[in-house]
Structures are given as C-alpha cells and as structure tokens.
Amino acid sequence: MTPEEQTDALLDVLARGELPDSRDPAARLLAVLLDDVDQRRSSVSMTPST
C-alpha cells in the first residue's frame, strides 16, 4: 500500500468516526482532535441569542 493509500484509508476511518487501529501517534492525535471537534460542535447552541 502506498503512503497515499495509507493516508486515504486513515482519513476514511476517521471520517466514519472510528478510531484507527494504529500505534502511530499522529493517527491517535487526529482521532482525539476529531472527537474534540465533534464534542464542541454538539455543545454549540443553534438558537440565536437575543
């Protein structure tokens, strides 16, 4: 598998909301950051303030 294919596969896993099965620190960091973004997005109120 080429490095480009590995990157695409990792991004596909993260896009599905799954954690990569990897000992790669960068992959784990991306998973944590994605989870943080999802939590922040879900906590943002969609109601306009008055």
Side-chain angles (χ1 to χ4, degrees):
M1 186 179 276
T2 68
E4 291 82 10
E5 291 171 331
Q6 290 175 335
T7 299
D8 288 344
L10 172 62
L11 293 175
D12 288 341
V13 167
L14 291 172
R16 289 191 304 265
E18 301 172 8
L19 293 177
D21 185 23
S22 173
R23 288 182 284 269
D24 182 359
R28 289 195 313 266
L29 177 60
L30 283 172
V32 169
L33 290 173
L34 181 62
D35 185 51
D36 185 56
V37 167
D38 286 343
Q39 287 179 8
R40 289 174 189 262
R41 190 178 337 158
S42 67
S43 70
V44 172
S45 173
M46 298 304 288
T47 306
S49 60
T50 56

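Excluded from the calculations below are hydrogen atoms, water molecules and symmetry mates; all remaining heavy atoms, backbone and side chain alike, are included. Note that the numbering runs from 1 along the sequence shown for the chain.
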_Listed partners of Arg23 passing side chain to side chain donor-acceptor pair (under 3.5 Å), at least two apart_ = none
*Kindly determine whether Val32 and Arg28 satisfy side chain to side chain contact (heavy atoms under 4.5 Å, CB included), including the steps that lead there.*
CA-CA 6 Å; Val32 169; Arg28 289 195 313 266; 5.6 Å; no
*Tell me, please, which residues at least two apart from Leu30 pass side chain to side chain contact (heavy atoms under 4.5 Å, CB included).*
Leu10, Leu14
*Spacing of Leu34 atom CG and Leu29 atom CG [to the nearest 0.5 Å]*: 11.0 Å
*Can you check whether Arg16 reaches Asp12 side chain to side chain, under 4.5 Å on heavy atoms?*
yes
*Can you tell me how far CE of Met1 sits from CG of Asp8, rounded to the nearest 0.5 angstrom?*
9.0 Å
*Could you tell me which residues satisfy side chain to side chain donor-acceptor pair (under 3.5 Å) with Asp35, sequence neighbours excluded, listed by chain and number?*
Gln39
